[in-house]
Structure formats: C-alpha cells, structure tokens
**Student:** 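Sharing a structure with you now.
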Amino acid sequence: MSLVFDRHRRLRTSAAIRGLVRETTVTKNDLIMPVFVDATIDGVAPIPSMPGINRYGLDALPDEIRAIADLGITSVIVFGIPDHKDDVGSDAWNDDGIVQCGIRVIKATCPDLVVIADDCMCEYTSTGHCGIVRDGEVVNDESLEYIVRIAVSQAKAGADIIAPSNAMDGYVASIRQGLDKAGYINVPIMSYSVKYASSFYGPFRDAADGAPQFGDRSGYQMDPANRFEALREAASDEREGADFLMVKPAMAFLDIVRDIRNASNLPLVAYNVSGEYAMVKAAAANGWIDEARIVKETLTGIKRAGADLIITYFAKDVAARIDRGEW
C-alpha cells in the first residue's frame, strides 16, 4: 500500500515559485514615517534610545522631509516638542505652535505628502498627562474641549488627517463635531482606538519629552491583558465617526489587530512603536540578529495580521531596501 500525504514543499522549491504564491507583501504605500519637530533646537538632535531617529528644528525639517519623499514614502505623522509647557498644554492648539509650524513647513516642502497630526497633550502639559489634571485626576470631559481645539488648529495649519492619541472617552465624536463646525468636514480622523498602557513606549517618551510627572496612564489607556475591551473601544470610535482605526503597540498585540480587522471594514493602522524599534536596533548592534530580516518578518507579520498601514520608525530603512532590491 502506497503512502499518501500532501506535498506542500512543491510550492517552496525556488525563490520564483515562493514569490508567486506569497500572500503578504509590505510596500512603501503601507508605511507611515514618524517625524519629531523640536521648538527648542536648531538643526538635528539624535535620540539616544532610538538610533537613527532624530528631532528636527524647523530649519532642518525641509531636508528630512525631502529625504522621506525621495524614498517614495507617501505619509508622515508629526509629533512636536514645544518650548513652553503649562497645565492646559496651550502650545498644542497655538496656531504658531511647533506642530502647526512644522505642518506648514512640510506642506511647503512636499505639498503632496500626506501629513498626519498627532492630537495629544502629553508633550505640552506640565504634568506630562494626556488631558487636564484636576485634584490629581485626569478629567475626561474638560479635556475634550482642549483636544478639539488642537484638532481644529492642526487642520487649519494644513494637516490632512487628525490622529487623536489621548485616550479620552468621546474624543472621536467631539473632534468630528469640532472639525465640521470649523469647516473641515473632509479632514479624516485616524483614531488611536486601541491604545494599551504599554511599557513599549519608553523611548518615545524620551524622544518627545512627554513622560508623566506623577503616576501613570493606566487610568485612561487600556490594560494590556484585555481583548474584548479592544473590540468595544474600536466599535465606539467607528460609531462616533472615525475614518481609520489603530492598534498600538503592534508586536505584542497582533491578536488584537486580527480581531479588529475581522470586526471592522475601516482602514486599520498598527503602530510599530519606539520600544519595538529600540529592541531590534539594540540586538542588531550587538550582532545577535540580522536586522534587515527581522524587520521584514516583523512588518510582514503586522500586515498579515490585518493592518492596512503601519506607522514605523523603520519606514525609511525599508523604503531604501526596497529601492536596492533587498526587500
């Protein structure tokens, strides 16, 4: 009696055949590059915990934006480091604030580049929290008023998409109403729908000078242990008018990316965050891993899980590798 079994290896016999049946491919159009604009510097300041990533003064920003665009990356997300902080984060909605000025510089340099503006208060408040603090508590409804001001100011500066990351309840509905009332009915909202209170954010807080001055953010960001809560958060944002949904971080939450993909037809973004980037860079610097192959496997896994777009600090590296035929 002959042995009967499936020969799956037939489709793996050559690189050409493997490429023919490959189910998931990461392209430049999938990538969003984060950009840090710093009001306190001229030129470029490296971020020690994120090798290869820098803060840019407004004078140095055009060169970086041209470099990003020349690589074929079509979108950036902008974070600001202000030269002034106060208890209500007033520089965040200042029409001449650092993000607003940065948006105008980016649009003047590369008008076709899609500019996504992060809408949060943590870099701008003296407390380092993502909303207004009263009696030691981050208050939800009062914070919404300021979050809307930020969104309208960013849209006025020329942002193509507003990306609120503050994790307040009702922020999508509030921002949608505020944008519409101000005449920005066609400006989409990329909601940080599922944002976990994660330890993977450490290097970002160094980069953006936005660490909380007391406590942590577990009172408004999600518990990493929770899955069904993510579905509730995403469903709320979709009902409130979000145009994109997001899961942050990515690598430890690919099950959540797939859950949200299965539950919603909206474009889905995954944020490959600073800690994920820094770990790969550190391991590669020590010769423990092949960085290029690890990055490809990681981003492919994020897209295979269901993400349409990936915010990643590796975006420029990946685009350059694609150009060199190394991807």
Side-chain angles (χ1 to χ4, degrees), residues 22-34 73-79 114-120 151 159-173 175-176 186-198 200-201 204 221-224 226-277 295-315 318-319:
R22 185 161 294 128
E23 300 173 28
T24 306
T25 303
V26 176
T27 72
K28 294 181 183 182
N29 286 337
D30 302 325
L31 306 175
I32 300 170
M33 181 69 196
I73 296 169
T74 59
S75 57
V76 296
I77 184 165
V78 183
F79 301 94
V114 175
V115 178
I116 305 163
D118 179 78
D119 181 343
C120 197
D160 297 292
I161 299 170
I162 304 300
S165 61
N166 49 79
M168 298 296 116
D169 290 337
Y171 67 89
V172 173
I175 289 172
R176 186 71 273 157
N186 290 322
V187 173
I189 296 172
M190 180 183 287
S191 171
Y192 284 67
S193 309
V194 181
K195 184 176 182 180
Y196 286 96
S198 173
F200 285 100
Y201 303 150
F204 177 91
Q221 294 177 359
M222 281 181 51
D223 184 341
N226 289 359
R227 178 183 180 187
F228 297 119
E229 184 181 9
L231 293 169
R232 297 196 299 270
E233 287 276 6
S236 292
D237 286 358
E238 185 163 357
R239 285 194 303 269
E240 291 176 19
D243 301 283
F244 302 77
L245 303 177
M246 188 189 301
V247 176
K248 179 183 179 183
M251 286 173 60
F253 300 92
L254 295 183
D255 58 326
I256 307 302
V257 174
R258 172 48 56 184
D259 283 345
I260 303 302
R261 172 74 292 147
N262 289 343
S264 174
N265 292 322
L266 289 180
L268 180 59
V269 185
Y271 198 142
N272 180 216
V273 299
S274 60
E276 297 166 347
Y277 174 87
V295 170
K296 182 174 183 178
E297 191 171 330
T298 298
L299 298 187
T300 300
I302 293 170
K303 188 172 179 184
R304 187 186 64 244
D308 300 296
L309 299 167
I310 305 170
I311 301 172
T312 178
Y313 301 95
F314 291 112
V318 170

**Student:** By side-chain hydrogen bond (donor to acceptor under 3.5 Å, both in side chains), which residues pair with R239, not counting sequence neighbours?
**Tutor:**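 With sequence neighbours excluded, R239 shows a side-chain hydrogen bond (donor to acceptor under 3.5 Å, both in side chains) to S236, given in chain and number order.
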**Student:** Could you check if a side-chain atom of V26 sits within less than 4.5 angstrom of a side-chain atom of K296, using non-hydrogen atoms only?
**Tutor:**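 No, side chains not in contact.
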**Student:** With the side chain counted from C-beta on, respond yes when V295 and T298 share a heavy-atom pair under 4.5 Å apart, and no when they do not.
**Tutor:**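 Sidechains of T298 and V295: no contact.
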**Student:** Could you pull out the closest heavy-atom pair between S198 and P249, with the gap in Å?
**Tutor:** OG-CG, 3.3 Å
**Student:** Work out which heavy atom in L254 is nearest to a heavy atom in A305; give both atom names and the distance.
**Tutor:**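 Heavy atoms of L254 and A305 come nearest at O-CB, 3.8 Å.
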**Student:** Of the non-hydrogen atoms in I32 and P34, which two are nearest, and what is the gap between them?
**Tutor:**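 Looking at all heavy atoms of both residues, the shortest contact is O-CD, 3.5 Å.
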**Student:** Tell me, please, which residues at least two apart from T74 pass side-chain contact (heavy atoms from CB on, under 4.5 Å).
**Tutor:** N29
**Student:** Flag yes if more than 12 heavy atoms outside E297 fall under 6.0 Å of its CD atom; otherwise flag no.
**Tutor:** no
**Student:** Which residues pass the salt bridge (charged side-chain N to carboxylate O under 4.0 Å, His left out) test with R258, sequence neighbours left out?
**Tutor:** none
**Student:** For Y171, enumerate each residue passing the ring-ring contact (aromatic ring centres under 6.0 Å, His included) test, keeping only those at least two apart in sequence or located in another chain.
**Tutor:**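 ring-ring contact (aromatic ring centres under 6.0 Å, His included) check on Y171 returns nothing, list empty.
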**Student:** Step by step, would you call M246 with V194 a side chain to side chain contact (heavy atoms under 4.5 Å, CB included)?
**Tutor:** CA-CA 6 Å; M246 188 189 301; V194 181; over 6 Å; no
**Student:** Could you go through Y201 and K195, starting from their C-alpha distance and side-chain angles, then the distance that decides it, and tell me whether this counts as side chain to side chain contact (heavy atoms under 4.5 Å, CB included)?
**Tutor:** CA-CA 11 Å; Y201 303 150; K195 184 176 182 180; 3.6 Å; yes
**Student:** Drop me the distance from S75's OG to L309's CG, to the nearest 0.5 angstrom.
**Tutor:** 6.5 Å
**Student:** Got a sec, which residues hit salt bridge (charged side-chain N to carboxylate O under 4.0 Å, His left out) with K303, two or more places apart in sequence or on another chain?
**Tutor:** D30
**Student:** How would you list, by chain and number, every residue that makes a side-chain contact (heavy atoms from CB on, under 4.5 Å) with I161, sequence neighbours excluded?
**Tutor:**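 Residues passing side-chain contact (heavy atoms from CB on, under 4.5 Å) with I161: V114, I116, P188, M190, F244.
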**Student:** Could you list the residues that satisfy side-chain contact (heavy atoms from CB on, under 4.5 Å) with A167, not counting sequence neighbours?
**Tutor:** Y220, Q221
**Student:** Does L31 reach the side chain of V318, with side-chain heavy atoms less than 4.5 Å apart?
**Tutor:**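 Counting from C-beta outward, L31 and V318 do come under 4.5 Å.
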**Student:** What residues, two or more places apart in sequence or in another chain, satisfy side-chain contact (heavy atoms from CB on, under 4.5 Å) together with A173?
**Tutor:**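 side-chain contact (heavy atoms from CB on, under 4.5 Å) list for A173, sorted by chain: E240.
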**Student:** Nearest 0.5 angstrom please: E233 CD to L245 CG, how far?
**Tutor:**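 Rounded to the nearest 0.5 Å, the CD-CG separation comes to 11.0 Å.
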**Student:** Hey, could you give me the CD/CE distance between E229 and M222, rounded to the nearest 0.5 Å?
**Tutor:** 4.0 Å
**Student:** Could you give me the CA-CA distance, side-chain angles and deciding distance for I311 and N272, then say whether side chain to side chain contact (heavy atoms under 4.5 Å, CB included) is met?
**Tutor:** CA-CA 6 Å; I311 301 172; N272 180 216; over 6 Å; no
**Student:** Under a 4.5 Å cut-off applied to non-hydrogen side-chain atoms, are S274 and Y313 in contact?
**Tutor:** yes
**Student:** Atom OG in S193, atom CG in L231: separation rounded to 0.5 Å?
**Tutor:** 11.5 Å
**Student:** Are any side-chain N or O atoms of E276 and backbone N or O atoms of M251, one a donor and one an acceptor, separated by less than 3.5 Å?
**Tutor:** yes
**Student:** To the nearest 0.5 angstrom, please state how far the CG atom of N226 sits from the CD1 atom of I256.
**Tutor:**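 If I round to the nearest 0.5 Å, the distance is 9.0 Å.
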**Student:** Is the CG atom of N262 crowded by more than 12 outside heavy atoms at less than 6.0 Å?
**Tutor:**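 Result for CG/N262: enclosed.
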**Student:** Grab the two heavy atoms, one from I77 and one from A163, that are nearest each other, plus how far apart they are.
**Tutor:**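 Scanning both residues, the minimum pair turns out to be CD1-CB, 4.2 Å.
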**Student:** Side chain to side chain contact (heavy atoms under 4.5 Å, CB included), that's the test. Do V78 and V115 meet it? Break it down for me.
**Tutor:** CA-CA 7 Å; V78 183; V115 178; 3.9 Å; yes
**Student:** Taking only residues two or more places apart in sequence, or in another chain, which ones meet D308 in a salt bridge (charged side-chain N to carboxylate O under 4.0 Å, His left out)?
**Tutor:**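 Salt bridge (charged side-chain N to carboxylate O under 4.0 Å, His left out) list for D308, sorted by chain: R261.
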**Student:** Which residues pass the ring-ring contact (aromatic ring centres under 6.0 Å, His included) test with Y192, not counting sequence neighbours?
**Tutor:** none
**Student:** Please give me the minimum heavy-atom distance between C120 and N166, naming the atom from each residue.
**Tutor:** SG-CA, 3.8 Å
**Student:** What residue pairs, at least two apart or across chains, pass salt bridge (charged side-chain N to carboxylate O under 4.0 Å, His left out) with a residue in residues 241-252?
**Tutor:**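 Pairs touching residues 241-252 that pass the test: R176-D243.
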**Student:** For P164 and I175, which heavy atoms make the closest approach, and how far apart are they?
**Tutor:**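 It is CB-CD1, 3.5 Å.
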**Student:** What residues, two or more places apart in sequence or in another chain, satisfy ring-ring contact (aromatic ring centres under 6.0 Å, His included) together with Y196?
**Tutor:**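 Listed in chain order: F253.
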**Student:** Is a donor from one side chain sitting under 3.5 angstrom from an acceptor on the other, for S264 and E238?
**Tutor:**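 A pair is found: one side chain offers a donor N or O, the other an acceptor, under 3.5 Å apart.
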